[in-house]
Structures are given as structure tokens and as C-alpha cells.
Amino acid sequence: MTYEIPSVRPASYDKKVGLVLQGGGALGSYQAGVYEALVASEYLPDWVAGISVGAINAAIIAGNAPEHRVQSLRSFWEAITTSTILWPPAPAGLPAEWQHRASALSALMLGQRGFFTPRPPQDWFSSDKCVSYYETSVLKRTLERLVDFDRINDTKDMRLSLGAVNVRTGHFAYFDSEEITIRPEHIMASGALPPGFPPVEIDGEQYWDGGLLSNTPLQYMVDYYPRRSRLVFQVDLFPAHGRVPTNLDEVHEREKDIRYSSRTMMSTNSLREKHDVRHAINELHKLLPTDLANTEQAKRLYEHGCVTQMDIVQLIYRPIEPQGALKDFEFSRSTMEARWQQGVSDARSTLDVSPWIAPMPPDIGVRVFDVAHDILAGDRRSAN
């Protein structure tokens, strides 16, 4: 697909803007880079939804004044990628592959400052305490330092939604600032991935990471009633496309990419099909004779129709080289910076062409764009 460089956002393009941030641990600095690029654009979101590390980034965005959001994101990512005395940075001359492994091993053994810490040895002698390998109490202090919860719960500036799973029922739950008062526990619950992190208790129920059921909050944002037309930037941290692995570490990395990206693809495709059906119902109802349109059956069908139109822009972290199966535990400062800058670059390239500005065909309800993928595919065709 080829794109023409558009002018500024036309006044006729009046869709509200949403940002959905998915889970992926240390890969989440890519999302911060994407947001940095959005801040300088004409597409500032008024609603941000997140799961797991995406919930943390989302809460920092919603919980700060607009002029402080990028700096607060940077404060978080610099704080949790600070090297410890026990485990200094890997030597500069070490191959990148081994630097990644050393950093991931450090996180697994020692935890990550301001994020999670290994359980103390005495916990392993008490069966009622060992429900996870790490503790996350330090994350609560980090969130309380970087997030203004009064601002989040005001909701005038930005809406925040966080996805989690009820451990007892297995049902998905969304904590929405328009419906409840958001606290640090709601953010921590969204990122409580077992067995690494413990469940978080909220109002008598235990919650785990929402990524257990769905790694994207896209459907919640688009389906929320009453609906309105939206431009949604969906930031994914695991690529569906990738090269064939050549060793076991690459096998594990590729398996993880496919496992998480497939959930996102299924959710996005299902949403597109469902919303197109809603449009078809609405168009069909217009063609019905009055006596048929007034029947109970036709009225019930019409209730499922919809006239809103959605543009979904996919921004997917696609590293050039394999990063290993533990890449989501790789918290080195240099890797964090590289991921952040790739997020900035990918988002700017996407904003430069803004394909969603093109008129939307009346017979469809959802368009999906992946500009970075289309540009890469075009470069490959040109090279051949």
C-alpha cells in the first residue's frame, strides 16, 4: 500500500481519540515513545486504556497534567532501569545477545528497583505467603510518587480504564475512572501476572493480570455504550510477523510473540466483523417497508445496529534483531532507550501519512491501519 503525505488534520475529521496500551513488561517503554510522538500531534487522546505494563503507562499519562506526562513516563522508566550495585551494567564490549541475557537474569534474580523484588527467604517456609515469586509493594510507592489520583478520578481531562481478571470467577473486569474511584491497587491488579506477581485484593476480591484473558483493551473502548466514532491508537508489544527461529532461545521468543499477538489479531478482527455487521443491520433497516420495520423482530434487530465508525491504528514493536525469550524482563537502560526511540519513530512515521484522513466508505464500520508494516512491505517489494 502506498500513502500520500496529508496536510494537517482537517476539521471534518472529528473523531474522538483513544489510546490502548497492551502488556509486555520491559517492552513497555515503546509505548512511552509512541505517546511522546502523539503529544506533538493533533491527535491527543481523551481516553486511555491499559493492561499490565500498559496500565502503568496509562495511569501515569492520565495521572499527570498534559505538560508533565512525558517527563513522568521518563521518570518511571529511568527509575526502574537503574543498575544496582549488586548487578552493574554489562561490559560495553559484550555482544548484544549476552547483554540482553545478563540484564534479564539480573531482573529475575534481584528484581527491578521501584517495580518488584524477590520474596524474602522466610516466606518460603510459610505456605500462606508463597503465591508468587516476587512482591510488588515497591510499585505502589512508585505509583503514589508519580501519579496524581485526584486528577485521574476527576475525569474532566482524560478517562482511564484498566483491565484485570477476577481470580475467583475467572471473569474479566475493567476498572474505569468514569465508574469507580481508581486507586494504586487497580493499576497493580492489572499487572499482577502469576506466578511472578501476587494477586491484588480489591473490595474483597483477588485480581490478576488482564493479559491472562486478553492483552488488549481495544474491544472495551470501542464497544462501550453509548458508542461514538473514534480514532484508536493500539500499541502492541509483540509482533505477529517474524523470521523463522534458528535456535531454542529464538523458538521461545517467537512462540511468545505468536501467543500474544494472535490474541490481539483475533480481538481486532472480531471487532471489525462485528461492527461491520452493526452497519449492515442499520442499512438493511432503512430498506424495510414501514409495516415490517415496525415489527418486534425488526425493532430487536435494529437495537444491534450502529452508525459509529472506528479507525484503528496499529503501532507494533518490531525489533530488528531477536531479543530473546526473556526480552520482557530485559530492563537495561540502553535497551529501554532504544525501544522508546523506536516508539517515537514508528508513531511519527504513521502520523506523517495519517491514512485515516481519507474518506471512509459508508458500508463499513471499522478500518484498520498498520503503516509501519505497509512501509516495510513496500520497501521489500522495491528491493526485489
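Small disclaimer: the values here were computed from a predicted structure and weren't measured.
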Any chance you could measure L237, atom CG, to N215, atom CG, to the nearest 0.5 Å?
7.5 Å
Distance col, row E330:CD vs T81:OG1, nearest 0.5 angstrom, shows 10.0 Å
Distance alone, cut at 3.5 Å: any donor-acceptor contact between the side chains of [X] and [Y]?
| X | Y | answer |
| --- | --- | --- |
| Q309 | S229 | no |
| S267 | T264 | no |
| S132 | R119 | yes |
| T181 | N153 | no |
| E144 | T142 | no |
| H275 | T308 | yes |

Under the side chain to side chain donor-acceptor pair (under 3.5 Å) test, which residues partner [X], sequence neighbours left out?
| X | value |
| --- | --- |
| T268 | Q234 |
| Q323 | Y317, R339 |
| E337 | R74 |

State which residues pass salt bridge (Lys or Arg N to Asp or Glu O under 4.0 Å) with D311; sequence neighbours excluded, sorted by chain then number.
K15, R367
Residues which pass salt bridge (Lys or Arg N to Asp or Glu O under 4.0 Å) with K299, listed by chain and number, not counting sequence neighbours
none
Hydrophobic cluster identity match, M360 and F369, side-chain contacts under 4.5 Å
no
Among the clusters formed by ILVMFWY side chains lying less than 4.5 Å apart, do F149 and F76 turn up in the same one?
yes
Hey, can you tell me if [X] and [Y] have their rings parallel, tilted or perpendicular (30° and 60° cut-offs)?
| X | Y | value |
| --- | --- | --- |
| W77 | F331 | parallel |
| Y302 | H285 | tilted |
| W47 | Y224 | perpendicular |

For R259 and E255, what are the C-alpha separation, side-chain angles and deciding distance, and is it a salt bridge (charged side-chain N to carboxylate O under 4.0 Å, His left out)?
CA-CA 6 Å; R259 174 156 41 93; E255 181 273 333; 2.7 Å; yes
Do the non-hydrogen side-chain atoms of [X] and [Y] ever get within less than 4.5 Å of each other?
| X | Y | result |
| --- | --- | --- |
| D249 | L326 | no |
| T136 | P198 | yes |
| W208 | V200 | no |
| Y134 | L108 | yes |
| E321 | R243 | yes |
| Y30 | N57 | no |

With no hydrogens and no angle check, is any side-chain donor or acceptor of [X] less than 3.5 Å from a backbone partner on [Y]?
| X | Y | answer |
| --- | --- | --- |
| S190 | G163 | yes |
| S41 | Y43 | yes |
| T295 | A298 | yes |
| E250 | P245 | no |
| D276 | G365 | yes |

Using the side-chain contact (heavy atoms from CB on, under 4.5 Å) criterion, which residues pair with [X]? Sequence neighbours excluded.
| X | value |
| --- | --- |
| E205 | N166, R168, Y207 |
| D209 | I51, S52, L193 |
| A11 | none |
| P226 | none |

NZ/NE/NH1/NH2 to OD/OE distance under 4.0 Å, [X] and [Y]:
| X | Y | value |
| --- | --- | --- |
| D46 | R230 | yes |
| D14 | R228 | no |
| R318 | D257 | no |
| K286 | E283 | yes |

Check the pair R69 / V39 against side-chain contact (heavy atoms from CB on, under 4.5 Å), numbers first and verdict last.
CA-CA 9 Å; R69 288 168 181 164; V39 166; 5.7 Å; no
Which donor-acceptor pairs under 3.5 Å do the side chains of residues 60-68 make with protein atoms, sequence neighbours left out?
unit_1 : atom_1 : unit_2 : atom_2 : d
N64    : OD1    : S72    : OG     : 3.0
N64    : ND2    : I60    : O      : 2.8
N64    : ND2    : L146   : O      : 2.9

Answer yes or no: are there more than 12 heavy-atom neighbours, outside I320 itself, under 6.0 Å from its atom CD1?
no
Can you establish whether the number of heavy atoms outside Y133 located under 6.0 Å from its atom OH is more than 12?
no
Start with the C-alpha gap between M158 and V48, add the side-chain angles, then the distance that decides, and say whether side-chain contact (heavy atoms from CB on, under 4.5 Å) holds.
CA-CA 7 Å; M158 180 177 285; V48 59; 3.5 Å; yes
Do Y35 and W340 have their ring centres less than 6.0 Å from each other?
no
Can you tell me which residue pairs pass the salt bridge (charged side-chain N to carboxylate O under 4.0 Å, His left out) test with a partner in residues 27-37, sequence neighbours excluded?
none
Is there a side-chain contact (heavy atoms from CB on, under 4.5 Å) between M266 and N269 once you walk through the steps?
CA-CA 5 Å; M266 285 189 290; N269 292 338; 6.0 Å; no
Could you give me the CA-CA distance, side-chain angles and deciding distance for Q22 and L218, then say whether side-chain contact (heavy atoms from CB on, under 4.5 Å) is met?
CA-CA 9 Å; Q22 308 184 14; L218 174 67; over 6 Å; no
Other members of the hydrophobic cluster containing L292, with the 4.5 Å side-chain heavy-atom rule, please.
L288
Shortest non-hydrogen separation from P199 to A192 and the atoms involved:
CA-CB, 4.4 Å
